[in-house]
Amino acid sequence: MGVVNVTPDSFSDGGEWFEPAAAVAHGRRLRAEGADILDVGGESTRPGAARVPVEDELARVLPVIEALARDGAVVSVDTTRAVVAERAVASGARLVNDVSGGLADPRMAEVVARTGVAYVCMHWRGHADVMDSLEVYDDVVADVRDELAARMVDLRAAGVRAEQIVLDPGLGFSKAGTANWPLLSHLGTLRTLGRPVLVGASRKRFLGHLLAGPDGVLAPPAARDAATAAVSTLAAAAGAWCVRVHAVQATADAVRVVAAWDGARAVDSTAGPVSTQDETVQEAFGDDEGSTT
């Protein structure tokens with residue numbers, strides 16, 4: 001999943017693709033580099049970010065989604081607002097990537113259920129301006145698993161089918177530093193919930209901490225791409241269904257390596273596939289082989 005930020009203030013590349021024409025061209029480049037999905041967002045969720053008016057978010061994302069969908073790209077919309085999700089789906093988006101898991105807008109579940117699109121439900125505890133204060137866990141892996149399980153119960157009660165749901169542990173959201181590593185190293189625990197898992201580690205703060213210099217200064221976002229590719233490789237090997245990244249080429253190559261490795265391993269009848277997809281997720285992305293995207 002390649003990131004197309006149509007924002008002036010995203011933590012990694014804010015402003016670079018803010019104009020619709022630039023964002024469309026960027027999406028096309030990412031697709032050419034190997035992105036299977038283009039994730040278009042019009043509101044930054046970086047730590048401390050303020051919300052933007054819904055009219056601004058719509059104006060940013062809809063022209064980009066329409067253009068990329070006309071190209072034949074599989075497009076997702078990165079939004080927490082039901083009205084944006086609904087308009088985006090009408091414009092050609094085939095997936096809603098909601099970092100709030102439906103908690104930010106009580107209408108989101110109804111829109112997802114009615115449209116039938118695939119839906120990324122991320123672990124979330126609060127908006128960007130307060131999320132760092134909510135990093136309190138007894139056991140981060142168990143807590144995230146249980147909170148995602150509760151979100152699934154609520155989504156199902158609202159009419160969302162299980163096969164529409166993709167889960168995301170929400171790396172960096174109410175998890176500023178070391179809490180992210182246990183989640184990555186225990187992706188299998190999240191997979192016990194029975195749904196595909198999306199991993200979004202690209203250029204995030206915890207990688208900046210890992211790569212900090214002797215003076216303690218965090219590595220800048222653009223210097224975190226090699227570490228992102230490493231995380232993508234390990235996530236794919238651990239059974240992640242998809243990885244969300246800013247720089248596609250290195251991660252696409254890394255995931256191909258994992259696919260080849262797993263293909264050779266599959267010759268052994270005792271070795272299962274890396275990951276599986278079903279129904280709505282299959283239909284949305286046209287991949288019936290169950291391989292990591």
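The figures here come from the full heavy-atom set of this structure, side chains too, leaving out hydrogens, waters and symmetry mates. Keep in mind that this is a model prediction, so the values were computed, not measured.
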*Test Val245 against Val3 for side chain to side chain contact (heavy atoms under 4.5 Å, CB included), laying out the working first.*
CA-CA 6 Å; Val245 298; Val3 178; 5.8 Å; no

Kindly write out the residues that satisfy salt bridge (charged side-chain N to carboxylate O under 4.0 Å, His left out) with [X], not counting sequence neighbours, or none if the list is empty.
X	answer
Asp56	none
Arg156	none
Asp168	none
Arg145	none

_I'd like to know whether His26 forms a side chain to side chain contact (heavy atoms under 4.5 Å, CB included) with Leu30, so could you lay out the CA-CA distance, the side-chain angles of the two residues, the decisive distance to 0.1 Å, and finally the verdict._
CA-CA 6 Å; His26 182 56; Leu30 295 181; 3.6 Å; yes

Those residues that, when tested against [X], pass side-chain hydrogen bond (donor to acceptor under 3.5 Å, both in side chains) (two or more places apart):
X	value
Glu147	His123, Arg125
Ser91	Glu66
Ser232	Thr251
Thr115	none

*Can you list the residues that meet the side chain to side chain contact (heavy atoms under 4.5 Å, CB included) rule with Asp139, with sequence neighbours excluded?*
Val141, Ala142

For [Y], is there any backbone N or O sitting under 3.5 Å from a side-chain donor or acceptor partner on [X]?
X	Y	answer
Ser174	Glu135	no
Arg205	Gly172	yes
Lys175	Phe206	no
Asn180	Gly177	yes
Arg191	Val197	no
Arg224	Ala219	yes

Distance-minimising heavy-atom pair for [X] and [Y]:
X	Y	value
His127	Arg51	CE1-NH1, 3.5 Å
Ala212	Leu218	CB-CA, 4.2 Å
Ala149	Leu193	CB-CD2, 3.8 Å
Val54	Val84	CG2-CG2, 3.9 Å
Ala247	Asp225	CB-OD2, 3.6 Å
Ile165	Cys121	CG2-CB, 4.4 Å

_Return the CZ to CG distance between Arg265 and Asp262, rounded to the nearest 0.5 Å._
4.5 Å

Could you tabulate the donor-acceptor pairs under 3.5 Å formed by side-chain atoms of residues 181-189, not counting sequence neighbours?
from   : atom 1 : to     : atom 2 : distance (Å)
Ser185 : OG     : Trp181 : O      : 3.1
Ser185 : OG     : Pro182 : O      : 3.2
His186 : ND1    : Pro182 : O      : 2.9

_Shared hydrophobic cluster for Leu234 and Val248 (ILVMFWY, side-chain gaps under 4.5 Å)_ = no

_Common cluster, Val111/Val61, ILVMFWY with side-chain heavy-atom separation under 4.5 Å_ = no

Less than 4.5 Å apart, any side-chain heavy atom of [X] and any of [Y]?
X	Y	answer
Val166	Tyr119	no
Asp36	Val74	no
Asp71	Arg28	yes
Val40	Val75	yes
Glu110	Val160	no
Thr7	Arg60	yes
Val77	Asn97	no

*asked:* One pair to check against side chain to side chain contact (heavy atoms under 4.5 Å, CB included): Met1 and Ser76. What are the steps and the verdict?
replied: CA-CA 9 Å; Met1 177 185 281; Ser76 63; 3.9 Å; yes

*Given Val112 and Leu155, is the side chain to side chain contact (heavy atoms under 4.5 Å, CB included) satisfied, shown in steps?*
CA-CA 9 Å; Val112 172; Leu155 290 167; over 6 Å; no

*Name all pairs fulfilling the salt bridge (Lys or Arg N to Asp or Glu O under 4.0 Å) condition that reach into residues 230-256, sequence neighbours left out, sorted by first residue then second.*
Asp39-Arg244, Asp78-Arg244, Asp253-Arg256

*Give every residue pair that meets the salt bridge (Lys or Arg N to Asp or Glu O under 4.0 Å) criterion with at least one member in residues 80-89, sequence neighbours excluded.*
Glu43-Arg81, Glu57-Arg81, Glu86-Arg107, Glu86-Arg114

*Start with the C-alpha distance between Ser100 and Asp98, add both sets of side-chain angles, then the distance that settles side-chain hydrogen bond (donor to acceptor under 3.5 Å, both in side chains), and finish with yes or no.*
CA-CA 5 Å; Ser100 80; Asp98 179 0; 2.8 Å; yes

